[in-house]
Every structure is written in structure tokens, then in C-alpha cells.
Amino acid sequence: MLEAEKDQILVSIAVSGDIHQVSEFSRAYHELRSWTAQAKLVEEAQLITGSRSLPASVSLSPAQEREFTASLQSGQDARCLQLIDQALDFMLRKEAGIGQFRFFADSIASRVIYFVEAAQVEPTKIQSLKQWTRGLQDCQCVTDYRQVFRQLLEASCSLLRSKWDAREEPLISKLLKVMQTQYAEDLSLDYLSAKFNLTSTYLSAYIKDKTGLNFSDHMQGIRMEKARELLACTSLTVNEISQQVGYLNITSFNRTFKKVTGITPGAYRKRHWLQSTSQSG
DNA sequence: GCCGAATACTTGCAGTGAGC
DNA sequence: GCTCACTGCAAGTATTCGGC
């Protein structure tokens with residue numbers, strides 16, 4: 001019997017008369033297991049007759065990873081979920097196997113737990129978070145994954161936000177608040193260091209030490225999130241959006257946007273528009 | 001914990017060209 | 001004509017490292 005999957009699937013095994021040794025059966029069993037891991041994440045029944053080719057990459061891109069980490073650490077669960085949704089959509093489109101979905105879920109969950117532990121949240125609260133991560137192992141469809149990720153990320157970000165707000169790190173909490181509210185202005189490390197009576201070099205190192213990310217990474221993450229929102233939900237020109245999110249120059253905005261998302265602002269808007277029209281129509 | 005100097009990186013400007 | 005993408009270059013800014 002497929003012990004690990006006994007609660008989720010029912011398997012009937014017919015043994016060919018050609019198999020005489022236990023080792024042969026064992027090999028067939030492991031082959032079958034690898035096939036089940038390659039099954040598509042769909043709710044309808046599937047007929048699996050052999051191995052199939054799977055998408056090579058099922059993780060966040062390096063830029064998405066940086067943004068996910070920045071959003072997680074600053075307690076922005078909505079943006080974290082957006083990135084997860086994008087990744088799950090991509091995996092669905094590429095017909096990733098259920099094993100790849102599990103691997104992706106495990107890697108995200110362990111990263112979330114790592115950062116919550118690094119923030120020195122009380123162990124009892126971390127234990128309750130781990131319940132959500134265990135829930136990821138029981139997901140049967142992409143809707144399940146979205147739901148469990150939502151619960152996990154909302155709880156984790158809430159813990160991280162309250163940790164900063166609990167005045168254990170009052171300075172970093174204030175800094176993140178300024179960055180999140182004044183991203184549209186010409187916000188520099190010099191401005192912040194003057195505001196908090198520190199040198200810019202010390203402040204730079206302090207932000208990196210406390211959050212794991214640089215000042216630039218934080219600002220970029222916040223600005224790009226807002227830019228995506230404006231591109232998707234408004235008819236403002238790219239130039240207007242670049243100014244609204246704090247770039248004085250559209251060239252810098254275009255360059256940064258492409259670096260972070262992999263596509264230009266115009267292409268992003270077009271793609272979002274195509275997706276929304278195909279969903280509504 | 002904090003600072004100064006060197007280095008690395010980002011930004012803004014100017015210019016060009018493609019597409020509508 | 002307008003918007004957008006792209007490039008090279010110079011200037012400005014952020015990061016890192018060694019030291020106090």
C-alpha cells in the first residue's frame with residue numbers, strides 16, 4: 001500500500017506474473033510513487049499511465065524572493081499572498097505535479113517559520129503557526145493551498161507587526177512606517193538618518209541587521225507593489241505612475257520595474273488586462 | 001554602538017528608435 | 001505627435017569594511 005497517501009488516494013495494484021522477486025515489486029512501487037507525485041493538481045480523476053515531463057522551475061524568481069522576504073518582514077501579508085498566487089497560477093499553467101506543489105509549499109512555509117523564529121516570537125505562537133504549515137500537506141487543490149497560505153501569512157505577518165510594535169524594536173518599527181507612508185516622496189537614507197539622529201552608514205547597517213534587507217530593497221519592494229496596483233487598476237500613464245510611486249525619472253522606474261518583475265510596465269499592464277478580460281469573458 | 005573612507009550600485013539625463 | 005523601451009554616461013547615493 002502507498003502508506004503516505006493512504007488517506008488521499010485509493011490504489012489497486014495488479015501484479016504481473018512476470019514479477020517473482022520482492023525487489024522487483026519494490027522497484028515498481030517506487031516507480032508508481034514517482035508517477036503519483038507527477039499527477040496534475042486537479043480535482044477530477046486522472047488516468048496515469050507513465051512518467052511525464054514537468055516544468056523545470058517551480059519557485060519564486062530571485063526578484064520575487066527578495067520582494068516576498070521584504071513584504072514578510074514588514075508585515076505586508078497582502079503582497080506576500082499576491083506573490084504566492086502568482087507562483088501558484090504559474091504552476092497551474094505549466095501543469096506542475098502535486099509533488100512540485102508540495103515542495104513549493106514546504107519551502108515557503110519553512111521560510112516563513114524561519115523569519116518568525118528569527119524575530120524571536122514566543123515559541124507557543126510559533127507552534128500555532130506550525131499547525132498551518134502542517135495543513136499545507138493536506139491540500140488537495142490550488143484553492144486549498146491559497147486558503148492555507150492566507151491563514152499562515154496573515155497570522156505570521158500579524159505576529160511580526162506586533163513584534164515591531166511591541167516596542168522591542170521601536171526604531172525599526174518607526175523606520176518601516178515612514179518608508180511605507182512616504183514612499184512617494186524623495187525618501188533617502190540621509191533624510192531618515194537626519195530624522196532619527198544617526199549617520200546614514202549606521203542606519204543602513206542597522207536596517208540590514210534587523211530586517212535582513214537593505215534600505216533600497218525595502219523602498220523598491222514598496223514602490224513596485226504600488227506601481228503594480230496602479231498599472232492594474234488605473235488608466236494613468238506609466239510616466240504618471242512612476243512619479244506617484246516616488247521616481248523622478250521614468251527611465252529609472254522602467255529599469256527597476258523590469259528588474260523586479262521581468263517585464264516592462266507596459267507589458268505588465270497588457271498582460272493584466274488580457275488576464276482580466278479572459279476571466280470575465 | 002557608532003563613524004569615515006572606499007567601493008558598488010542606482011538614478012537621472014540625453015538621445016534614439018519603434019509602435020500606435 | 002505621443003508613449004514607451006532602451007542605452008551610455010556622469011553624478012549621487014547606499015553599502016561594506018575597518019577602526020574607535
Side-chain angles (χ1 to χ4, degrees), chain A residues 60-76 79 83 86 115 118-120 163-278:
Chain A
L60 298 172
S61 68
Q64 284 177 320
E65 292 223 12
R66 280 199 298 276
E67 199 182 346
F68 180 81
T69 306
S71 303
L72 179 67
Q73 292 190 319
S74 54
Q76 299 177 68
R79 182 59 196 147
L83 290 164
Q86 282 173 9
F115 281 113
Q120 297 181 330
K163 190 70 186 172
W164 300 134
D165 293 342
R167 301 190 193 291
E168 290 179 37
E169 291 293 351
L171 178 57
I172 199 69
S173 174
K174 285 178 190 169
L175 285 166
L176 290 171
K177 207 163 280 180
V178 171
M179 285 189 257
Q180 280 159 17
T181 53
Q182 294 180 236
Y183 64 87
E185 296 162 32
D186 190 17
L187 198 59
S188 67
L189 206 52
D190 270 350
Y191 168 84
L192 283 177
S193 55
K195 190 179 173 75
F196 291 98
N197 270 332
L198 297 164
T199 60
S200 57
T201 51
Y202 176 68
L203 192 61
S204 174
Y206 177 83
I207 292 171
K208 177 80 185 274
D209 180 53
K210 297 298 176 188
T211 69
L213 288 166
N214 296 325
F215 167 72
S216 309
D217 296 330
H218 282 288
M219 290 307 297
Q220 221 169 64
I222 294 166
R223 283 173 168 159
M224 289 301 114
E225 182 190 349
K226 190 66 188 171
R228 279 197 195 88
E229 190 186 318
L230 291 172
L231 282 166
C233 307
T234 73
S235 55
L236 292 170
T237 64
V238 174
N239 198 9
E240 287 170 328
I241 290 172
S242 73
Q243 287 169 9
Q244 284 208 11
V245 300
Y247 285 87
L248 297 176
N249 187 285
I250 190 175
T251 310
S252 302
F253 174 70
N254 281 337
R255 204 154 27 193
T256 308
F257 193 91
K258 190 170 182 182
K259 190 186 84 183
V260 170
T261 65
I263 56 175
T264 61
Y268 178 87
R269 173 172 269 168
K270 197 176 284 181
R271 185 182 290 180
H272 186 273
W273 184 82
L274 284 172
Q275 274 177 4
S276 56
T277 47
S278 68

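Since we're looking at a predicted model, the values are computed, not measured.
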* Between protein and nucleotides 8-19 of chain C, map the contacts as a letter string: B base, S sugar-phosphate only, - none, heavy atoms under 4.0 Å, written 5' to 3'. => B-----SBB---
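- Using a 4.5 Å heavy-atom cutoff, the side chains of A/K208 and A/F215 are not in contact.
- Heavy-atom minimum distance, A/L189 versus A/S200: CD2-O, 3.5 Å.
- A/F257 and A/P265 get closest at one heavy-atom pair: CD2-N, 3.6 Å.
- Closest heavy-atom contact between A/T256 and A/Y247: CG2-OH, 3.4 Å.
- Scanning DNA chain B 5' to 3' for nucleotides with an atom closer than 4.0 angstrom to a non-hydrogen atom of chain A gives a first and last hit of B/dG1 to B/dA14.
- C/dC6 atom C1' lies 9 Å from atom CG of A/N254, rounded to whole Å.
- Of all the heavy atoms in A/Q244 and A/Y183, the pair that sits closest is O-CE1, 4.0 Å.
- The line from CG of A/L203 to OH of A/Y191 is 12.5 Å long, rounded to the nearest 0.5 Å.
- Interatomic distance, A/K226 NZ to A/I241 CD1, rounded to the nearest 0.5 Å: 10.5 Å.
- For the atom pair CD of A/Q182 and CE of A/M219, the computed distance is 9.0 Å after rounding to the nearest 0.5 Å.
- Taking both residues in full, the closest heavy atoms of A/M179 and A/L192 are given as CG-CD1, 4.4 Å, listed atom of the first, atom of the second, then distance.
- An angle of 40°, rounded to 10°, separates the two end axes of the helix from B/dG1-C/dC20 to B/dC20-C/dG1, each defined over five pairs.
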